[in-house]
Amino acid sequence: WGVHRSTQTNKMTKGTTSFGKRGKKSHSICRRCGRGSYHIQKKVCAACGYPAPRIRHYNWAKKAIHRKTTGTGRLRYLRDLPRRAKNQFREGTVAVSSKRVKAKQTKAPKSS
């Protein structure tokens, strides 16, 4: 008596009805993260959140954060920062060649 049964049967079909969804592309390549997660109609990337200025990430997805975090890419800017910091970010100078330094050492007058 208390159990209510639906008259409709909810069938999950793999055929006919599913084939209608085949030829439509909802996602494209994202220009920021390069993944095929950019939703064409919404104009938002499902992976990185582009065009939002901040990268999309959630703390409940720790593995996803590890995959995308700093150090997983080329580090084009950060790679040489420690060396530049060590030299006080100097620019426009040229290092003295080691050949010139050796030549000066050999030609120096000997004091006796």
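All residue numbers refer to positions in the sequence shown, counting from 1.
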Could you state the interatomic distance from [atom1] ([X]) to [atom2] ([Y]), rounded to the nearest 0.5 Å?
{"X": "Cys45", "Y": "Arg32", "atom1": "SG", "atom2": "CZ", "value": "7.5 Å"}
{"X": "Thr72", "Y": "Arg67", "atom1": "OG1", "atom2": "CZ", "value": "11.0 Å"}
{"X": "Gln41", "Y": "Ser26", "atom1": "CD", "atom2": "OG", "value": "8.5 Å"}
{"X": "Lys102", "Y": "Ser97", "atom1": "NZ", "atom2": "OG", "value": "10.0 Å"}

Heavy-atom closest pair, residues Gly34 and Ile29: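 What the structure gives for the nearest pair is O-CG2, 3.9 Å.
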
Minimum heavy-atom distance between Arg79 and Arg74, given as atom pair plus value: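 It is CZ-O, 3.8 Å.
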
Hey, does [Y] have a side-chain heavy atom less than 4.5 Å from the side chain of [X]?
{"X": "Leu75", "Y": "Asp80", "value": "no"}
{"X": "Cys48", "Y": "Ser37", "value": "no"}
{"X": "Asn59", "Y": "Ile65", "value": "yes"}
{"X": "Arg90", "Y": "Arg84", "value": "no"}

Among Arg56, Arg31, Lys43, the one residue meeting side-chain contact (heavy atoms from CB on, under 4.5 Å) with Tyr50: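 Exactly one candidate clears the test, Arg31.
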
Exam field: side chain Thr69 to backbone His66, donor-acceptor pair closer than 3.5 Å: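 No, the answer is negative, given that no donor and acceptor are paired below the 3.5 Å cut-off.
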
Any donor-acceptor N/O pair, Lys68 side chain to Ala47 backbone, under 3.5 Å: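 Yes: the side chain of Lys68 pairs with the backbone of Ala47.
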
Exceeds 12 heavy-atom contacts within 6.0 angstrom, atom OH of Tyr77: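 Open: at most 12 neighbouring heavy atoms sit under 6.0 Å from OH of Tyr77.
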
Phe19/Thr13 under side-chain contact (heavy atoms from CB on, under 4.5 Å): CA gap, chis, key distance, verdict: CA-CA 10 Å; Phe19 277 81; Thr13 60; over 6 Å; no

